[in-house]
Amino acid sequence: MASSSLGTPSSTPQNLPRQIIPIRDILEEKVEPQQLVSFIGLVRDFRPPIATRGTDWKSSIMLFDASTEHDRDDFLLTIFRPRAQMPEVGAGDVIYVHSARVQRHGSSTLSALTTRSTRIYVFQASLIPKVPGCASRALRASSGLSVPSKDILNYVSTLYHTVDKSRVPDVERFDLMAKQAINVKQKYQQLKDVHDGEFYDLIVQVVRDPYDLNDYATIWVTDYTENQGFYPFLETATEGSVYGECAGFAQPAGSQQSARSGPAGKMSMQITCWEPHASVIRSKVKANTYLSLRNVQVRHGRNGANLEGFLREDHLYPSKINAEVLQPIDDSGDLDPRLKNLIRRKRNYELENKRKQNPPAASKSSKRRRAKDDDSTKQPTAKEKRAQLRATLQADYKRVDQGLTDMNPEVSCQNMDVPITTVASMLEAAYYNLTLEDVISPIRVPVPFNNAKYRIAARVTDFFPQTLEQFSYCRKVSEYEALTDYESDSDDPVHPYSLADDDGLDNFAGPRKWEWCFALQLEDASPQCRSNPSRVWVYVDNAEAQCLTGLDASDLRSDTQGLGNLRTQMAKLWGNLEEQKLRRKKTAGIGKGNKRKTKRSRDNIPPDNSDIEMSQGSRKSDHATKEAPVANKVFSCCIRQFGSMVKESNPDKADAGDGFRWKRHFGLFGTKISYLETSSSL
DNA sequence: GGTTACCGGGGTTACGGT
């Protein structure tokens, strides 16, 4: 079966050296991807080394042997190596590749990939003698490789002199092809810039499930740019109405998912994909998938009215696949900038759309951003804020550092040059000095919060949630996180500042991430406040908790090591507070059914830092201190004030638009517990 | 033990709708 048309013995198994696999066996998938294989073949195409994003360079070689000499499909060897170690090859050279990895990448057929241990022997075509001559003299100079065994050398000679070489181009043509291969043509365009009759590389998002027609599949795609050549979709996009099932399309029962609304207007183009690309579309693509498509021909459709795309088989390399699914979430921060920009445009489109749909009330997702950006909230300018902060701080600076002794040596914070302020002054209502024309002295306008930062001296008197296991939570990972200006959406059911429970994740199959989120109740420890110290709840978000503890969040209900590390770190900060709380809870729990809560809930949210409550100080834990005082030390830490929008049914209090008011919060930042000394080695 | 990447050239096949 594997014999050549010439009937030569070259391809018969008995002539093949042991451990050498016929290339056809790889193409017919008699081996699995990842498996290591050795093979020998003739070079018919070569792509010289090009730089990659990594440290290696990349080169590739198209090979055939006696088992594939008349095949249409090609067998590709991809070489990743430092540039200096790249082999030099010429037309018709015989290559013996020892121990390369089989892979499936960018092609409908399997190919081979070098590993660190792959050896490549190149025999220069013009020097290969006929048997019984020894092929070793045709071996091109390669660094430090010993001469292969006799059976390999014999096979090289036999193969070269018996195989049909009509697929090997002549030297001039080969060199020209190699030269052309490093000329990469820039074909990427956004959809807004595509024209009739041209070929483009596209980065797009699929807006509805593909329509599969066996030999080919059609997809509708967008990149959130507009092209006058596209069909204008309905302005008001409702579920299923824009890219819904088209009348007249045969709908195999159950095979079509409900459609999703894509952007309205002239933002989407249909692309028809033939094999081998259609297989990728069929098996890996659905609505919302991000795709890289290469060499899409753009032409007017049959009605001549609108532009369409066509992804056809590559003439020269029929197994080459030009459709690749892209993952919008990438922890390495290496996301393709073209994809990043597409996601950014999508976000802008969605924000704009939301705004249009809910003009009077602030849209939920933009609440926090508006707190910072929107002029209509009458926020002071940065300069004004700085002046205001300076004035506030200067009024409060008491140089209380001097009165502080026996500070916690395990805790340090930034901005030690900023004088310590008191919690009471931090909790005072915020004002904005409004200057008007013809009015000499500025008017003090109360504002819901200001974005001030402070340094305080404090000790921890309470924490939330009630158990350390709940200090971390699991959340969905959003595609928008790749954007540098990403801010999480407050529609998220587990938004940190809501300290909501983990519900909503049970049926979520997408990527998740563990993050820290907890709150600490701090009591002012500055000397002048000893008689009546104020308390404040401060949030600790994921980044600040990482800074504080030096630990990454994990599922603490199962990660006992992580829980132990957290406990050790927090004990440095709050002493025996956890034990005290536990004792108090046990005492209180007698006769109360002692319900064990394993999830965060809104009922458990730490008390508001409302001015009255906090300036008077809630003293629940004082009862406990009578029994046994919490033993912990004073530390200095940085606190920032910020605001968020919350629902408000009383219209008189709704100062943030219909049904919403601003709420002031405090957050810890720039504070650090000394590093954990772990006994376990890496 | 495993990431890096994916030429050029010039295009036929197809259902009917947005």
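The sequence lines fix the lettering, A, B, ..., with proteins before strands; numbering per chain opens at 1.
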Participant: For the pair A:D151 (side chain) and A:P17 (backbone), establish whether a donor and an acceptor sit closer than 3.5 Å, ignoring hydrogens and angles.
Facilitator: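 Here the side-chain-to-backbone pair does not exist.
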Participant: State whether the aromatic ring of A:Y216 stacks on the base of B:dT13, taking stacking to mean ring centres under 5.5 Å apart and ring planes under 30° to each other.
Facilitator: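 No.
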Participant: Look at A:R101 and B:dT3 and indicate whether a side-chain polar atom (N or O) is within less than 4.0 Å of OP1 or OP2.
Facilitator: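 No, no such contact exists.
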Participant: Side chain of A:R299, heavy atoms from C-beta onward: which of B:dA5, B:dT12, B:dC6 has the nearest atom to it?
Facilitator: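 Selected nucleotide: B:dT12.
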Participant: Please, what dot-bracket string fits DNA chain B when only Watson-Crick and G-U pairs with both distances under 3.5 Å count, crossing ones use [ ] and pairs to another strand use |?
Facilitator: ..................
Participant: Below 4.5 Å, heavy atoms only, C-beta onward: do A:Y121 and A:I152 meet side chain to side chain?
Facilitator: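 They are not in contact (no side-chain heavy atoms under 4.5 Å apart), so the answer is no.
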Participant: Can you list, in residue-number order, the parts of residues 86-95 of chain A that come under 4.0 Å of DNA chain B, counting heavy atoms only?
Facilitator: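 Nothing qualifies; none.
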Participant: Taking the ring centre of each residue, are A:Y231 and A:W220 less than 6.0 Å apart?
Facilitator: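 When the ring centroids of A:Y231 and A:W220 are compared, they turn out to be at least 6.0 Å apart.
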Participant: Any N or O donor-acceptor pair linking the side chain of A:N295 to the base of B:dG11 at under 3.5 Å?
Facilitator: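 Between B:dG11 and A:N295, which were checked side chain against base, a qualifying N/O pair under 3.5 Å is present.
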Participant: Indicate whether A:F199 forms a stack on B:dG10; treat it as stacked only if centroid distance is below 5.5 angstrom and interplanar angle below 30 degrees.
Facilitator: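 One would call A:F199 stacked on the B:dG10 base.
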Participant: Side chains of A:L202 and A:I271: does their closest heavy-atom pair fall under 4.5 Å?
Facilitator: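 Yes - at least one pair of side-chain heavy atoms lies under 4.5 Å apart.
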Participant: Hey, does the side chain of A:K185 come within less than 4.0 Å of B:dG9's phosphate (OP1/OP2), counting only N and O?
Facilitator: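 Looking at the OP1 and OP2 atoms of B:dG9, one of them is under 4.0 Å from a side-chain N or O of A:K185.
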Participant: What is the ring orientation for A:Y224 with A:Y349, classed by angle as parallel under 30°, tilted 30 to 60°, or perpendicular over 60°?
Facilitator: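 Taking A:Y349 first and then A:Y224, their aromatic rings sit tilted (interplane angle of 30° to 60°).
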Participant: Decide yes or no, distance alone: a donor-acceptor N/O pair under 3.5 angstrom between the base of B:dG16 and the side-chain of A:Q270.
Facilitator: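 Present.
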Participant: Could you please name the option among B:dG11, B:dC6, B:dT4 that lies closest to any side-chain atom of A:D56?
Facilitator: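 Nearest nucleotide to the side chain: B:dT4.
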Participant: Regarding B:dA5, can its base be found pairing with the side chain of A:Q103 as donor and acceptor, where the two atoms are less than 3.5 Å apart?
Facilitator: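 Yes, a donor-acceptor pair under 3.5 Å.
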Participant: Can A:R299 be said to sit on top of A:F310's aromatic six-ring, NZ or CZ under 6.0 Å from centre and within 45° of the ring axis?
Facilitator: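 Yes, A:R299 lies over the aromatic ring of A:F310.
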Participant: For the side chain of A:R116 and the base of B:dT3, is some donor closer than 3.5 Å to an acceptor across the two?
Facilitator: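 Yes, a donor-acceptor pair under 3.5 Å.
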Participant: A:T272 has a side chain; which of B:dC15, B:dG8, B:dT18 sits nearest to it?
Facilitator: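 From the listed options, B:dC15 comes nearest.
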Participant: Does the side chain of A:R347 reach to within under 4.5 Å of the side chain of A:E479, using non-hydrogen atoms?
Facilitator: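 SC-SC contact between A:R347 and A:E479 ruled out.
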Participant: Kindly state each residue pair satisfying ring-ring contact (aromatic ring centres under 6.0 Å, His included) with at least one member in residues 262-291 of chain A, sequence neighbours excluded.
Facilitator: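 Pairs touching residues 262-291 of chain A that pass the test: A:Y216-A:W274.
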Participant: So for A:K187 and B:dG9, does any side-chain atom that can act as donor or acceptor lie under 3.5 Å from a complementary atom in the base?
Facilitator: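 Side chain to base: pair found, below 3.5 Å.
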Participant: Taking N and O atoms by type only, does the side chain of A:K179 place a donor or acceptor under 3.5 Å from a partner on the base of B:dG8?
Facilitator: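 Per atom types, no contact qualifies.
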Participant: Considering only side-chain heavy atoms of A:I50, which listed nucleotide, B:dC6, B:dG17, B:dG8, is closest?
Facilitator: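 Of all the options, the side chain of A:I50 is nearest to B:dC6.
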Participant: Is any side-chain heavy atom of A:Y480 closer than 4.5 Å to one of A:K346?
Facilitator: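 A side-chain contact exists here, since the closest heavy-atom pair is under 4.5 Å.
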Participant: Any base atoms under 4.0 Å from A:R81, or only sugar-phosphate, or nothing? Heavy atoms, all strands.
Facilitator: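 It contacts nothing in the nucleic acid.
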Participant: Does the side-chain ring of A:H315 sit on the six-membered ring of the B:dG11 base, less than 5.5 Å centre to centre and under 30° in tilt?
Facilitator: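 It does not: the ring fails the test against the base of B:dG11.
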Participant: Atom CD of A:Q297 and atom OH of A:Y200: how far apart are they, to the nearest 0.5 Å?
Facilitator: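 The OH atom of A:Y200 is 10.5 Å from CD of A:Q297, to the nearest 0.5 Å.
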